[in-house]
Amino acid sequence: MITEEKKEEKSLNFIEEIIEADLQAGKYKEIITRFPPEPNGYLHIGHASSICLNFGLTKKFPGYTNLRFDDTNPTTEDTEYVESIKNDIRWMGFEWENELYASDYFDTLYGYAIQLIHKGLAYVDDSSSEEIATLKGTPSEPGRNSPFRDRSVEENRLLFEQMKNGTFPDGSRTLRAKIDMAHTNMLMRDPILYRIKHAHHHRTGNNWCIYPMYDFAHGQSDSIETVTHSICTLEFVPHRELYDWLIEQLGIYPSHQYEFARRNLNYTVTSKRKLLQLVQEKHVNGWDDPRMPTISGLRRRGYTPASIRDFCDRIGVARRENMIDVGLLEFCVREDLNKTSLRRMAVLDPLKVVITNFPEELSETCLSENNPEDIAAGMREILFTREIFIEREDFMEVPSKKYFRLAPGKMVRLKGAYIIQAESVVKDENGEITEVHCTYVENSKSGQDTTGINVKGTLHWVSAKHGVPVEVRLYDRLFSVENVASEEGDFKDYINPDSLNIITGYAEPALRDAKPGESFQFLRKGYFAADPDGSTEKPVFNRTVTLRDNWAKAAEK
RNA sequence: UGGCUGAUGGUGUAAUGGUAACACAGGACAUUUUGGUUGUCUCGUUCAAGGUUCGAGUCCUUGUCGGCCAACCA
């Protein structure tokens, strides 16, 4: 038997297993999932995981996925967020079946509330929020009944109607489910279903002054949409009991809730509250600042949809607490960009090199591949001149052992051009090296080298005559500690002060035509994406990620 | 003092009572006109103690440790 390679099928995650079992049991012919963001902020890498899960499920199994905005809290929500969320999901490469809003169901939800009142399962409570909290008890002590718990159905109906009609001020009354104030699950101790908020809603305007709480909107919306598998994160586990209770009492379509563990990334915060704070207090330049873990930030940073999807796929789905190394995300984008991005040369920290035996006026055409991973990307022309820039770190007057870049008397190859040898250095009054004088080796031109000389180092370079200045934004992680949430004190104390370093470098002229969003590999330096702030006169590039750098690792030791 | 939930290399995820695997990270070598890429090799793991079983990461018991739950947020 020579070939027995049945492609190892990737094992299913626990949610896929549930779905497969449901499908096989004939419980459903197709499945319906939903991605339910609240439009109160921008989507981040954590949402990406949920998006890939929910949309991925209905790519793998028959069915579809809805986009539903969980817009039940008018004071925090805005259409700006709605638009950005839609844009980000599409950019990620997913399309929803229906665009829906919890606010579209306000009438239905109101009807559901009336039903509960008639069944004697809901009552209007006049208690203040403090009183409600006091009577709630604690996880280990039972709560006590509200004095308003035993109002008649008729009285409740009337009061709830008045709540709806705007008779009462904010906070003066709530509608509560009548369940059990001694329940071991705190959420079952007569949860609030409706609260009064005289606030403008981004979609329903001033039509309503009462708004349903999450627990009275989410499961009901799932049910209205006949969502089969309602997937959320672990902190909603205690809500499931209430989710099921409401569906049962209302006698509506039984959607089911399944929970997975939120993905945590080290050196990163993904709390919307904290991200909002970073934006509002201008620690970053907006939601799409390339240091932000938002989808829009990652996009501007140069991350590709494929790399983010690959990342989500690799980290998987489970129910245990986790802390994922942000290095994996970087690996994913390197892997993607390595295959697709065009190579260009840019010197970020220039040191002038004069090739003393090269003619002053000559601009010699050299060829270099656009992408060694993709022959079809072809070659491009670059101009070689007597004066060029190399990276300052690529020259050492007194080289350390194993350093095989440029040093006095040493030879290196200039990528796509000639082999040069360093002869002497020019220094300023501070002893700082300002120029390196070299000679080039005749007949050593790239592709036509007949010298037989073997050099270990190959450097990137830019012609001093033809190079164009570019602004380069070097990003580093936004936080200097691995687990920001577990640190004492204010999370902002752990912001990395060096998360952004703006420099001016010299790049080959082709980079002037980079379109915003386009990604390049700057040879030996990393992947860089053109930023919309740039122009033909002054291109701007964001460093997505550095290349792997074994030399830097070795040099550290 | 309660309820819910979880525990597999440094990290993440598999193994569905039958050889603990895959990826990332780390290390070594080879290849390379990017100290990139690629290839080969290497490193190291079932929370603990009992029990059931021919056989336990998986089942049972007890314990230990972690996470979540007392917003008119979602």
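Every chain is numbered from 1 and lettered A, B, ... according to where its sequence line falls, protein lines coming before strand lines. Given the structure is predicted, the values throughout are model-derived calculations rather than measurements. All values below come from the heavy atoms of this structure, side chains included, with hydrogens, waters and symmetry mates left out.
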S.K.: Quick one: NZ on A:Lys136 to OG on A:Ser129, what's the gap to the nearest 0.5 Å?
M.R.: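 The OG atom of A:Ser129 is 10.5 Å from NZ of A:Lys136, to the nearest 0.5 Å.
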S.K.: Should the pair A:Lys415 and A:Trp461 be classed as cation-pi, given the thresholds of under 6.0 Å to the six-membered ring centre and 45° from the axis?
M.R.: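 No, cation not above the ring by the 6.0 Å, 45° rule.
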S.K.: Students often get this wrong, so: under 4.0 angstrom with heavy atoms, is A:Gly143 touching a base, only sugar-phosphate, or nothing?
M.R.: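 Since no nucleic acid heavy atom lies under 4.0 Å of A:Gly143, the category is nothing.
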S.K.: Quick one: does A:Ser446 reach the base of B:U33 with a side-chain donor-acceptor pair under 3.5 Å?
M.R.: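 In this structure, the two groups form a donor-acceptor pair.
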S.K.: Looking for any heavy atom pair under 4.0 Å, which part of the strands does A:Phe236 touch: base, sugar-phosphate only, or nothing?
M.R.: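 Touches a base.
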S.K.: For A:His239 and B:C68, give me the distance from atom NE2 to atom C1', rounded to whole Å.
M.R.: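 Taking atom C1' of B:C68 as the reference, NE2 of A:His239 is at 10 Å.
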S.K.: To the nearest Å, how far apart are A:Leu234 CG and B:A7 C1'?
M.R.: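 Rounded to whole Å, this separation is 13 Å.
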S.K.: I'd like the C1' distance from B:C59 over to B:G9, given in whole Å.
M.R.: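 Going atom to atom, C1' in each nucleotide, I get 25 Å.
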S.K.: It should be established whether A:Arg240 places a side-chain nitrogen or oxygen under 4.0 Å from OP1 or OP2 of nucleotide B:C4.
M.R.: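 No.
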S.K.: Donor-acceptor pair under 3.5 Å: do we get one between A:Arg548's side chain and the base of B:U37?
M.R.: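 For A:Arg548, whose side chain was compared with the base of B:U37, there is no donor-acceptor pair (under 3.5 Å).
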S.K.: Check this for me: does the side-chain of A:Glu373 come within 3.5 Å of the base of B:U38 through a donor and an acceptor?
M.R.: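 No, the side chain and the base share no sub-3.5 Å donor-acceptor pair.
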S.K.: Give none if B:A56 has no partner; otherwise give the nucleotide forming a Watson-Crick or G-U wobble pair with it, both distances under 3.5 Å.
M.R.: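 In the structure as shown, B:A56 has no Watson-Crick or wobble partner.
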S.K.: Looking at A:Arg524, does any N or O in its side chain come under 4.0 Å of the phosphate oxygens OP1/OP2 on B:U32?
M.R.: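 So the side-chain polar atoms of A:Arg524 never come under 4.0 Å of the phosphate oxygens OP1 or OP2 of B:U32.
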S.K.: Of the listed nucleotides (B:C68, B:C73, B:A15), which one gets closest to any side-chain atom of A:Glu235?
M.R.: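 Closest nucleotide to the A:Glu235 side chain: B:C68.
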S.K.: Please identify which of these residues, A:Glu259, A:Gln257, A:Arg34, A:His256, meets the side-chain hydrogen bond (donor to acceptor under 3.5 Å, both in side chains) condition with A:Ser230.
M.R.: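 Going through the options one by one, the only one that passes is A:Arg34.
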S.K.: Distance check needed: B:C24 P versus A:Asp325 CG, whole Å only.
M.R.: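 After rounding, the reported distance stands at 13 Å.
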S.K.: Below 6.0 angstrom between ring centroids: does that apply to A:Tyr194 and A:Phe160?
M.R.: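 When the ring centroids of A:Tyr194 and A:Phe160 are compared, they turn out to be within the sub-6.0 Å range.
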S.K.: Looking at A:Arg195, does any N or O in its side chain come under 4.0 Å of the phosphate oxygens OP1/OP2 on B:A74?
M.R.: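 Yes, such a contact exists.
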S.K.: What nucleic acid atoms does A:Asn185 come within less than 4.0 Å of, heavy atoms only: base, sugar-phosphate, or nothing?
M.R.: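 If one applies the 4.0 Å heavy-atom cut-off, A:Asn185 turns out to touch nothing in the nucleic acid.
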S.K.: Could you check how far CZ of A:Phe14 sits from P of B:A7, rounded to whole Å?
M.R.: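 Interatomic distance, CZ of A:Phe14 to P of B:A7: 11 Å.
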S.K.: In whole angstrom, what separates A:Asp394's CG from B:U33's P?
M.R.: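 A:Asp394 atom CG is separated from B:U33 atom P by 18 Å.
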S.K.: Base, sugar-phosphate, or nothing: which does A:Phe404 touch, judged by heavy atoms less than 4.0 Å apart?
M.R.: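 Touches a base.
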S.K.: Does the aromatic ring of A:Trp551 sit over the six-membered base ring of B:G35, closer than 5.5 Å centre to centre and tilted less than 30°?
M.R.: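 A:Trp551 ring centre within cut-off of B:G35 base, planes near parallel; stacks.
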S.K.: Within the pair A:Thr72 and B:A74, is there a side-chain N or O less than 4.0 Å away from OP1 or OP2?
M.R.: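 For B:A74, OP1 or OP2 has a side-chain N or O of A:Thr72 closer than 4.0 Å.
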S.K.: Report yes if the distance between the aromatic ring centroids of A:His218 and A:Tyr214 is under 6.0 Å, otherwise no.
M.R.: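 Distance test on ring centres: under 6.0 Å, yes.
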S.K.: Under a 3.5 Å cut-off for both distances, is B:G26 Watson-Crick or wobble paired, and to whom?
M.R.: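 B:U42 is the nucleotide pairing with B:G26.
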S.K.: At under 4.0 Å, does any side-chain N or O of A:Lys136 touch on OP1 or OP2 of B:A71?
M.R.: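 Answer is no, no contact under 4.0 Å.
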S.K.: Using the closest heavy atom to pick a nucleotide of RNA chain B for each, name whichever of A:Asn322 or A:Asp449 lands nearer the 5' end.
M.R.: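 The answer here is A:Asn322.
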S.K.: So does A:Lys553 get a side-chain nitrogen or oxygen closer than 4.0 Å to the phosphate oxygens (OP1/OP2) of B:G26?
M.R.: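 Result: yes.
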S.K.: Check whether any side-chain N or O of A:Thr365 sits under 3.5 Å from a backbone N or O of A:Glu381 as a donor-acceptor pair, and report yes or no.
M.R.: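 The answer is no, because no donor-acceptor pair under 3.5 Å joins these two groups.
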S.K.: Between C1' on B:G3 and CD on A:Glu141, what's the gap in Å once rounded to a whole number?
M.R.: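 About 14 Å, once rounded to whole Å.
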S.K.: By nearest nucleotide on RNA chain B, pick out whichever of A:Thr138 and A:Asn13 is the more 5' one.
M.R.: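 Closest to the 5' end, via its nearest nucleotide, is A:Asn13.
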S.K.: Students often get this wrong, so: under 4.0 angstrom with heavy atoms, is A:Phe522 touching a base, only sugar-phosphate, or nothing?
M.R.: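 Counting heavy atoms under 4.0 Å across all strands, no contact is made by A:Phe522.
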S.K.: Which part of the nucleic acid, if any, lies within reach of A:Lys456 when heavy atoms closer than 4.0 Å are counted: base, sugar-phosphate only, or nothing?
M.R.: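 The answer is nothing, as A:Lys456 stays clear of every strand by at least 4.0 Å.
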S.K.: Touch check for A:Ser127, heavy atoms < 4.0 angstrom, all strands: base, sugar-phosphate only, or nothing?
M.R.: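 Base: the residue A:Ser127, judged by heavy atoms under 4.0 Å, touches a nucleobase.
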S.K.: Starting the side chain at C-beta, find the nucleotide from B:A70, B:A74, B:U1 nearest to A:Met186.
M.R.: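 That would be B:A70.
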S.K.: A:Ile315 has a side chain; which of B:G12, B:U33, B:C4 sits nearest to it?
M.R.: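 Minimum distance to the A:Ile315 side chain belongs to B:G12.
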S.K.: Does A:Gly457 reach a base, just sugar-phosphate, or nothing at all? Heavy atoms under 4.0 Å.
M.R.: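 It contacts nothing in the nucleic acid.
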S.K.: What is the pairing partner of B:A74, taking Watson-Crick or G-U wobble pairs with both distances under 3.5 Å in any strand?
M.R.: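 By the stated definition (distances under 3.5 Å), nothing pairs with B:A74.
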S.K.: Please confirm whether the shortest side-chain N or O distance from A:Arg319 to OP1 or OP2 of B:G6 is below 4.0 Å.
M.R.: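 True: A:Arg319 side-chain N/O within range (under 4.0 Å) of B:G6 OP1/OP2.
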S.K.: What about the rings of A:Phe106 and A:Tyr211, do their centers lie closer together than 6.0 Å?
M.R.: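 Ring centroids of A:Phe106 and A:Tyr211 are less than 6.0 Å from each other.
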S.K.: If I pick the P atom on B:G17 and the same atom on B:A25, what distance separates them, to the nearest angstrom?
M.R.: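 The answer is 34 Å between these two P atoms.
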S.K.: Given atom CE of A:Met213 and atom C1' of B:A70, what is their separation to the nearest angstrom?
M.R.: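 In whole Å, B:A70 C1' lies 13 Å from A:Met213 CE.
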S.K.: What nucleic acid atoms does A:Gln521 come within less than 4.0 Å of, heavy atoms only: base, sugar-phosphate, or nothing?
M.R.: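 Base contact.
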S.K.: Between A:Arg320 and B:U13, does any side-chain N or O lie under 4.0 Å from OP1 or OP2?
M.R.: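 Checking A:Arg320 against B:U13: at least one side-chain N or O falls below 4.0 Å of OP1 or OP2.
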S.K.: With respect to the side chain of A:Arg343, which nucleotide from B:U33, B:G36, B:C68 is positioned closest?
M.R.: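 Looking only at heavy atoms from C-beta outward on A:Arg343, the closest nucleotide is B:G36.
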S.K.: With a 4.0 Å cut-off on heavy atoms, is A:Leu328 in touch with a base, just the backbone sugar-phosphate, or nothing at all?
M.R.: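 Sugar-phosphate contact only.
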S.K.: Suppose we call two aromatic rings close when their centres sit under 6.0 Å apart. Are A:Tyr440 and A:Phe384 close by that rule?
M.R.: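 No, too far apart.
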S.K.: Would you mind reading off the distance between A:Tyr211 atom OH and B:A74 atom P, rounded to a whole angstrom?
M.R.: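 Atom-to-atom, A:Tyr211 to B:A74, this comes out as 12 Å.
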S.K.: Base, sugar-phosphate, or nothing: which does A:Pro37 touch, judged by heavy atoms less than 4.0 Å apart?
M.R.: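 Result for A:Pro37 = nothing.
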S.K.: What about the rings of A:Phe148 and A:Tyr123, do their centers lie closer together than 6.0 Å?
M.R.: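 No, the ring centres sit 6.0 Å or more apart.
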S.K.: Which listed nucleotide (B:A74, B:A15, B:A70) is nearest to the side chain of A:Tyr214?
M.R.: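 Taking heavy atoms from C-beta onward, the closest nucleotide is B:A74.
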